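Below you'll find the structure, written out as structure tokens, and then a few comments.
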Amino acid sequence: MARDFSAELVACLGDPVRENPTGVMIEAAFAALGLNWRYLTIEVPAAKLRDAVTGIRALGMQGANLTIPHKVAVIEHLDEIAPDAAMIGAVNTVRREGGRLIGENTDGKGFLRGLRLDARIEPAGKRAVVLGAGGASRAIVTELALAGVCEIVVVNRSVERGEPMVAELARKTKAAIRFEPWRGAYRVSPGVDLLVNATSIGLFPDVQAMPPVDWSSSSPGMLVSDAVPNPPETRLLREARSHGFAVLDGLSMLVHQGAIGLRMWTGQDAPVEVMKGALRRVFAEA
Ligand code: NDP
């Protein structure tokens with residue numbers, strides 16, 4: 001039988017994108033699964049996005065990840081958008097179904113999977129506070145709402161960004177989501193089960209920064225989760241742990257969102273521990 005030397009291709013498109021470590025995680029997974037697949041990290045300026053998507057079609061690529069500045073702009077170039085990605089209003093993963101390109105958003109789904117598998121928490125019926133109102137927050141809030149969280153409070157520094165986001169997501173998901181402006185240390189009320197940092201505060205290289213939080217009224221059983229993946233142990237999580245709270249790091253979300261994407265592309269279960277190990281090594285080298 002003739003041998004097949006051709007590889008399947010997936011790419012991460014962004015600008016800037018050179019320091020994005022997703023390729024290390026996904027290539028480690030391809031190798032562990034014995035797949036002849038390649039994951040390419042490609043700088044694509046905003047003006048070239050349409051051509052890049054045409055390229056995905058022309059090359060028969062299996063899919064892509066999108067990062068800054070393409071997560072919203074890519075939508076008009078795709079054939080279909082998954083319902084939750086449409087609610088979030090952004091696509092971080094494209095998968096191919098026959099000749100059609102479908103836009104998905106795996107960020108919030110990855111967060112939920114981490115909650116369930118790594119923190120052993122079922123979000124339905126819980127009360128959550130999400131700090132931040134950027135892209136990560138939109139994805140997390142949407143998926144928490146769809147998962148049946150009973151109340152979500154979004155806390156953000158800029159009211160102009162936070163208030164309209166909350167109004168939009170409350171309308172789309174029909175969930176109880178409300179906004180609070182962030183002034184000084186945010187006092188977490190008793191009864192909050194889950195506190196999520198979805199801001200970029202604490203992200204490498206600014207590792208000594210942490211969101212100002214007043215823990216004095218918090219319930220002892222609260223879980224504190226950080227979307228910041230690098231460093232995995234943020235100052236927020238260290239402090240939360242020292243107050244006796246359970247914690248969930250941003251590496252969990254990053255790996256699970258990648259694992260969900262990898263399954264969409266390959267149909268195979270992702271080797272999550274291999275992927276986590278590959279990322280830990282990259283972050284430790286930084
Ligand atoms: P955005 O730039 O879209 O949003 C940033 C948010 O952080 C805004 O709400 C902004 O508030 C807030 N913020 C930033 N600095 C401050 C500050 N000094 N004080 C108060 N608020 C602040 O970023 P993303 O949503 O894309 O990313 C947020 C974080 O999530 C990043 O650390 C990113 O690495 C992480 N992330 C993790 C993923 C994972 O898989 N683990 C996936 C995607 C993102 P304001 O509106 O007032 O400016």
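Counting starts at 1 for both ligands and their atoms, following the listed order. For this chain, numbers begin at 1 and follow the sequence in order. What's counted below: heavy atoms across the whole structure, side chains too, no hydrogens, waters or symmetry copies. Nothing here was measured: the structure is a model prediction, and the numbers come from that model.
Scanning the protein heavy atoms around atom 26 (O) of ligand 1, the nearest turns out to be Ala136 N, 4.0 Å.
Judged purely by distance below 3.5 Å, without hydrogens or angles, the side chains of Thr234 and Asp226 pair a donor atom with an acceptor atom. Inspection of the Thr41 and Asn20 side chains reveals no N or O donor paired with an N or O acceptor under 3.5 Å.
Note: an N/O pair closer than 3.5 Å links Arg161 and ligand 1 by distance alone. At least one N or O atom of Ser158, backbone or side chain, sits closer than 3.5 Å to an N or O atom of ligand 1. Of the N or O atoms in Ala227, one or more lie within a sub-3.5 Å distance of an N or O in ligand 1.
Listed by atom number, the atoms of ligand 1 under 4.0 Å from Ala133 heavy atoms are 9 (O). Atoms of ligand 1 lying under 4.0 Å from at least one heavy atom of Pro229, given by number and element, are 34 (O). If you number the atoms of ligand 1 from 1 as listed, the ones under 4.0 Å from a heavy atom of Gly250 come out as 41 (N). Listed by number with element, the atoms of ligand 1 under 4.0 Å from a non-hydrogen atom of Ala198 are 28 (C). Listed by atom number, the atoms of ligand 1 under 4.0 Å from Gly132 heavy atoms are 9 (O).
Looking at Leu254 against ligand 1, both its backbone and its side chain come within 4.0 Å, counting heavy atoms. Residue contacts with ligand 1, taken as heavy atom pairs separated by less than 4.0 Å, involve Ser200 via backbone and side-chain atoms alike.
By the side chain to side chain donor-acceptor pair (under 3.5 Å) test, Arg38 pairs with Asn36, sequence neighbours left out.
Of the candidates Asp226, Asn230, Val228, Thr199, it is Thr199 that places a heavy atom closest to atom 12 (C) of ligand 1. Between atom 11 (O) of ligand 1 and the options Val159, Asn156, Leu251, Val155, the minimum heavy-atom separation is to Asn156. The residue among Met253, Gln257, Glu160, Arg157 with a heavy atom at the shortest distance from atom 16 (C) of ligand 1 is Arg157.
More than 12 heavy atoms of other residues, nucleotides or ligands lie within 6.0 Å of CZ in Arg116, so this atom counts as buried by the packing criterion.
When all heavy atoms are compared, the tightest approach of Pro69 to Ala46 is CG-CB, 4.3 Å.
Remark: side-chain polar atoms of Ser252 are not paired, donor with acceptor, to backbone N or O of Leu248 under 3.5 angstrom. Checking side-chain atoms of Glu27 against main-chain N and O of Tyr39 turns up a donor-acceptor pair under 3.5 Å.
Under a 4.5 Å side-chain heavy-atom criterion applied to ILVMFWY residues, the cluster that includes Trp215 comprises Val129, Leu131, Val153, Val155, Trp182, Tyr186, Val188, Val192, Leu195, Ile201, Met210, Val213, Met222, Val224, Leu236, Leu237, Phe245, Val247 as well.
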| field | Steps toward side-chain hydrogen bond (donor to acceptor under 3.5 Å, both in side chains) verdict (Asp15, His70) | value | CA-CA 8 Å; Asp15 185 18; His70 304 316; over 6 Å; no
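Considering Ile88, Val74, Ile75 in turn, Ile75 is the only one that fulfils the side chain to side chain contact (heavy atoms under 4.5 Å, CB included) rule with Ile81.
Distances from ligand 1 to the non-hydrogen atoms of Gly110 include no value under 4.0 Å.
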